Structures are given as structure tokens and as C-alpha cells.
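Inspection log for the structure reproduced underneath, given as C-alpha cells.
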2 protein chains.
Amino acid sequence: MSLTGIFPIDKWNFKSQSIFQHLPEEEYEMLCQNRQEQAFEKGELIFKEGGIPAGIYFIKHGKIKKYKADKDGKEQIIYVANTGEIIGYHAILGEDRYPDSAAALEDCVLDFVPKEDFLAALAQSPILTQRLLKALSHEFAVLSNTISVFAQRSVKERLAIALIVLREKYKDDHTSGAPVIINISRTDLASIVGTAKENVVRFLKEFKEAAIINTQGRKIEILDIRKLIEISNYDC
Amino acid sequence: MSLTGIFPIDKWNFKSQSIFQHLPEEEYEMLCQNRQEQAFEKGELIFKEGGIPAGIYFIKHGKIKKYKADKDGKEQIIYVANTGEIIGYHAILGEDRYPDSAAALEDCVLDFVPKEDFLAALAQSPILTQRLLKALSHEFAVLSNTISVFAQRSVKERLAIALIVLREKYKDDHTSGAPVIINISRTDLASIVGTAKENVVRFLKEFKEAAIINTQGRKIEILDIRKLIEISNYDC
DNA sequence: TAAAAAAATTGATTTTTATCAACGCAACAG
DNA sequence: CTGTTGCGTTGATAAAAATCAATTTTTTTA
């Protein structure tokens with residue numbers, strides 16, 4: 001089931017996948033020179049808000065939550081990055097500390113590229129620069145979007161949007177023929193939606209009773225995405 | 001009264017002022033070649049979400065709200081841009097339509113730079129490119145911040161933050177010696193905070209009774225910024 | 001300057017969301 | 001296989017925020 005024409009999924013996903021694709025040999029070599037494969041277990045912290053960045057990470061496999069925690073430790077997930085995306089470049093380009101934290105939502109394999117190599121490649125490569133400018137500008141649109149949704153939409157609407165967006169991300173894993181299964185804790189889902197997990201549970205129950213989704217333990221399958229889009233009340 | 005050490009104002013302001021400052025002569029000339037001064041009256045639309053971008057705007061004087069409107073016309077203000085900042089570059093760099101609308105909060109004077117000149121200067125100027133990357137990365141941090149505040153903080157806390165941030169922006173206009181006056185409609189203030197204007201009015205009244213602010217009609221003067229910071233409950 | 005229009009304010013009420021407390025189920029370790 | 005522990009679920013209640021309706025104040029305009 002494609003979302004084309006019925007839901008603007010582009011407004012919810014970053015485009016960092018394309019940044020390293022089909023780069024000229026030389027630039028690609030520079031990035032690879034000292035790269036290091038790193039595995040992270042589910043739940044493991046990759047970097048922490050306020051930390052000094054040492055390099056960037058290319059996600060070879062797995063999903064990563066980018067979030068901010070307030071002083072009580074309550075997390076707000078800003079974005080879920082998926083296989084093929086890059087994380088950690090904002091702090092380096094902004095010449096600043098990490099603006100958010102990153103942790104593995106599932107077992108992950110990342111390629112770490114040291115700051116120096118990334119910046120050297122950048123200095124050499126107009127194409128890399130241009131792609132980053134484009135990616136960052138698109139991210140601005142995505143985050144603006146998120147802000148307006150948080151400020152104006154109800155928890156139920158936000159949950160519907162979160163489910164639609166997550167389904168796209170979990171498509172990657174599903175074996176063809178089998179249904180797409182969203183596999184995320186209620187707590188993390190609540191942190192995406194920006195509410196208490198009890199509210200998430202209650203609305204999921206409502207959706208299940210309306211045959212819009214099916215749940216089995218933590219696993220969620222979407223049965224009627226059109227209904228979800230309707231509930232999301234989002235059409236721009 | 002400086003906020004240094006007591007409130008992270010940097011996390012709330014973009015840094016696009018620095019982009020055009022002290023550029024090499026040649027690049028600066030390219031940008032100026034076809035620039036055109038344009039005046040906008042208070043309330044006037046500068047560009048509209050979804051529109052095709054023709055160029056960028058340098059704010060010579062005035063404040064501009066960047067916002068998204070939902071289908072009922074309800075506005076959410078994403079950011080208030082001030083004198084010296086640049087707007088409209090996201091759409092051009094992202095090779096996309098405008099992600100948000102821009103309208104004058106007061107009478108404004110802008111310099112319009114056509115897309116072609118901006119892109120030509122960019123292609124010639126590593127320094128301009130680097131500054132844009134830095135600015136956009138910082139904006140990411142600002143918007144992430146905004147998202148976590150919207151998702152986790154109460155209306156009262158958000159209003160306190162909005163007042164602190166707005167006071168900084170309105171500092172520019174005030175004659176030295178005179179107090180800083182925030183001059184914005186309740187409706188726009190509500191659109192910044194992400195609530196109904198009635199709520200804004202009620203909390204302002206509460207702040208006034210606690211001698212934290214003073215109001216005269218739409219005008220707001222901040223009397224006790226430390227109290228506001230305390231109320232904002234924001235310390236990261 | 002007076003009338004009209006727009007914006008701000010107030011109070012009452014409803015709806016939404018958060019919080020608290022308890023319970024059940026399922027994964028996991030000994 | 002069995003306690004333990006974490007996570008998901010449920011119900012009850014409190015708190016926060018939105019909405020509605022009406023009135024006052026401010027600003028604009030004729």
C-alpha cells in the first residue's frame with residue numbers, strides 16, 4: 001500500500017541516505033580511510049546531548065532514536081533514524097556539542113567516520129557540501145512540521161501520524177509477503193507522540209477495537225492505513 | 001540585565017545574521033548585483049508555504065513571523081526573525097517549495113536577492129557555504145529544542161520562555177535607558193506559545209499580579225526576568 | 001472626534017490529558 | 001520450572017487546557 005497522494009510522508013523523513021551515495025571515488029576514499037565498524041546493542045547509548053562530537057555515524061543496519069531528555073529524565077524523541085541514514089553531523093557542522101542524544105532502538109551496526117576525515121572530505125567535495133545543505137534544509141521542513149503538529153494536534157491525531165510514519169520505517173525489515181510489524185515499546189512510542197504511555201495504550205486499544213490496527217504484546221500491525229490518515233486529520 | 005549563565009538564549013535564536021557579514025568583496029558583489037529593496041507593511045505576507053521560491057530576503061529592518069497555518073487557518077509560529085537575519089533560503093537550498101509562510105510583524109524593509117545570484121555566489125564561495133552549513137545545523141538544535149518544549153512543558157512554562165526570548169528580540173528597538181517593550185498581539189503570542197489566546201491572557205494576568213511583568217494594552221514590559229526563568233523551569 | 005471595528009479580557013463550562021494505583025502477562029535468570 | 005522483574009494494561013481521579021459566550025478596552029477610520 002503506497003502513501004503517494006494520500007499522505008505526505010516526505011514531510012516526516014530526513015533525506016540523509018542520499019548524502020554518501022555515488023560519491024566520486026576520491027571523496028569516498030577519504031571518508032572510508034579511518035572508518036570503523038561499531039555494533040550497538042538494543043538500548044545502548046551512541047552519543048549524548050551536550051557531549052563533544054568525535055565524528056559521524058553511518059547506519060549500516062538498525063533504527064536509532066534521537067531524543068532529548070529533561071532533567072527528570074523524561075525523553076522526547078525528535079526523530080527515528082533508519083538504515084542508510086547518517087547521524088551526528090549537526091554537532092560537527094554547527095561547531096557545537098551534540099544537540100540531542102542517540103540510542104539504539106534495536107541491535108545496530110554503524111560505521112564511525114572521524115570528524116577530521118569528514119571535514120576533509122567536505123572541504124574537497126562540492127557535491128558533498130551541496131547534498132548536506134539540501135539535507136539540512138529538508139530537515140528544517142520536517143522539524144517545522146513536527147512543531148506545528150505538536151502545538152496544534154491532539155494526542156490521538158499525533159499517535160495516528162506516528163503509526164503511519166513508523167510503519168514506513170519498519171517496512172525495511174519485513175519479509176516480503178508478511179505484514180509490516182511495528183516493534184517498539186509503549187514508552188518509546190509515547191516519547192514520540194509526546195504523551196504518557198497510558199494514553200498511548202488507551203488509544204491503541206480504541207484503534208484495535210475499530211479494526212484499524214492489531215496488537216500482540218508490544219507488536220503493532222496496521223490494518224487500515226486510510227482510516228489512520230483520516231484520524232490524523234493531516235492533509236497538507 | 002544579561003542572560004549569560006542563567007538562560008541559554010542561544011538555543012532559541014538562529015544565527016543567520018552572520019552569514020552575509022564580512023564576505024569577500026567578490027561574493028558580496030554577486031549578491032548585491034540585482035538585489036532589490038522591498039518594504040512590507042505590518043501584517044503583510046512575504047511568502048507563503050507551498051509557494052515556489054524566487055530568492056532570499058535579508059531583513060534590513062523589522063521583525064518577521066515564520067509560521068505554518070493548518071486548514072482551519074490556525075497559525076503556529078515557528079520562529080520570529082529579526083533585523084539582520086536572512087529568510088527564505090531553506091526552500092532554495094532544499095530545492096523545494098517554501099516549508100512555511102512569512103509575514104511582517106511590524107513595518108519592515110527587506111533586501112530581496114534573486115535565487116540565481118544567491119546560488120551563483122554559493123557556488124563561488126566556500127565561506128558562504130560553510131556559514132550556511134553551520135547556521136542550518138544550529139537551526140536544527142533550536143528546532144529540536146522547541147519540539148521537546150512543546151511536547152513536555154505546560155502552557156505557563158512555554159509562555160515564560162516565549163517572553164524571555166521575545167524580550168531579547170525587542171531589545172533592538174528600545175531607546176537606551178527606556179525599558180524593553182514587547183509589542184505583539186495576544187493572538188500572535190498565543191501562536192508562538194501554541195495555545196488559545198484566552199490562556200495567554202490569563203497567565204499574563206497572573207504574571208502581572210505577581211509583579212513579574214507589567215502590561216499596558218498589548219504592550220508587555222518584563223520586570224523580573226529571574227522569576228520568569230524560574231517559572232520556565234528550563235535550565236539545560 | 002465619534003462611530004465602528006478589532007482586539008483584549010473575563011467567567012463558566014466542557015473536553016482533553018496527566019497522574020496515581022493496582023494488576024496481569026510475558027520474558028528471563030537461576 | 002519457578003520466582004522475579006519489567007512492561008503492558010486498566011480504572012479512577014485530578015489537573016490542565018480548550019471552547020463558548022459575553023463584555024470591555026483599544027485602535028482604526030470615517
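Chain naming here is simple, since letters A, B, ... match the order of the sequence lines and numbering starts at 1 in each. This is a predicted model, so every value here is computed, not measured. Below, each value reflects all heavy atoms present in this structure, side chains not excepted, and no hydrogens, waters or symmetry copies.
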### Query
How many Å lie between CD on B:E157 and P on C:dA18, as a whole number?
13 Å
### Task
Grab the NZ-P distance between B:K205 and D:dT24 for me, whole Å please.
14 Å
### Task
Provide, to the nearest angstrom, the distance between the CG atom belonging to B:L159 and the P atom belonging to D:dA16.
15 Å
### Query
Between A:K63 and A:Y170, is NZ or CZ placed under 6.0 angstrom from the six-membered ring centre and within 45° of the ring axis?
yes
### Per A:R202 side chain, nearest of listed nucleotides C:dT17, C:dT19, D:dT9
C:dT19
### Query
OP1 or OP2 of C:dT16 sitting under 4.0 Å from any side-chain N/O of A:N199?
no
### Query
Over how many whole Å does the gap from A:I231 atom CD1 to C:dT16 atom P extend?
14 Å
### Query
Do the rings of A:F7 and A:W12 sit parallel, tilted or perpendicular, given the 30° and 60° boundaries?
parallel
### Message
Side chain of B:V155, heavy atoms from C-beta onward: which of D:dA17, C:dT17, C:dT10 has the nearest atom to it?
### Response
D:dA17
### Message
Can you see if the side chain of A:K197 gets near the phosphate of D:dG8 - specifically, an N or O under 4.0 Å from OP1 or OP2?
### Response
no
### Message
What is the separation between atom CZ on B:R153 and atom P on D:dA15, rounded to the nearest whole Å?
### Response
20 Å
### Task
Ignoring backbone atoms, establish whether B:T187 has a side-chain N or O less than 4.0 Å from OP1 or OP2 of C:dA7.
no
### Query
Rounded to the nearest Å, what distance is computed from the CG atom of residue B:D188 to the P atom of nucleotide C:dA7?
10 Å
#### Entry: Rounded interatomic separation in angstrom, taking CD from B:Q152 and P from C:dT17
16 Å
### Message
I want to check one thing: is the phosphate of C:dT9, taken as OP1 and OP2, less than 4.0 Å away from some side-chain N or O of B:R186?
### Response
yes
### Query
Pick the nucleotide of DNA chain D nearest each of A:A151 and A:L204; which residue has the one closer to the 5' end?
A:L204
### Query
Which of these nucleotides, C:dG11, D:dG8, C:dA21, is closest to any side-chain atom of A:E198?
C:dA21
### Task
First locate atom CD1 of A:I181, then atom NZ of A:K219, and finally report the distance between them rounded to the nearest 0.5 Å.
7.5 Å
### Task
Just say parallel, tilted or perpendicular for the rings of A:F140 and B:F14, cut-offs at 30° and 60°.
perpendicular
### Task
Round to a whole Å and report the spacing from CD of B:E206 to C1' of C:dT9.
15 Å
### Query
Are A:K68 and A:D100 within salt-bridge range, i.e. N to O under 4.0 Å?
no
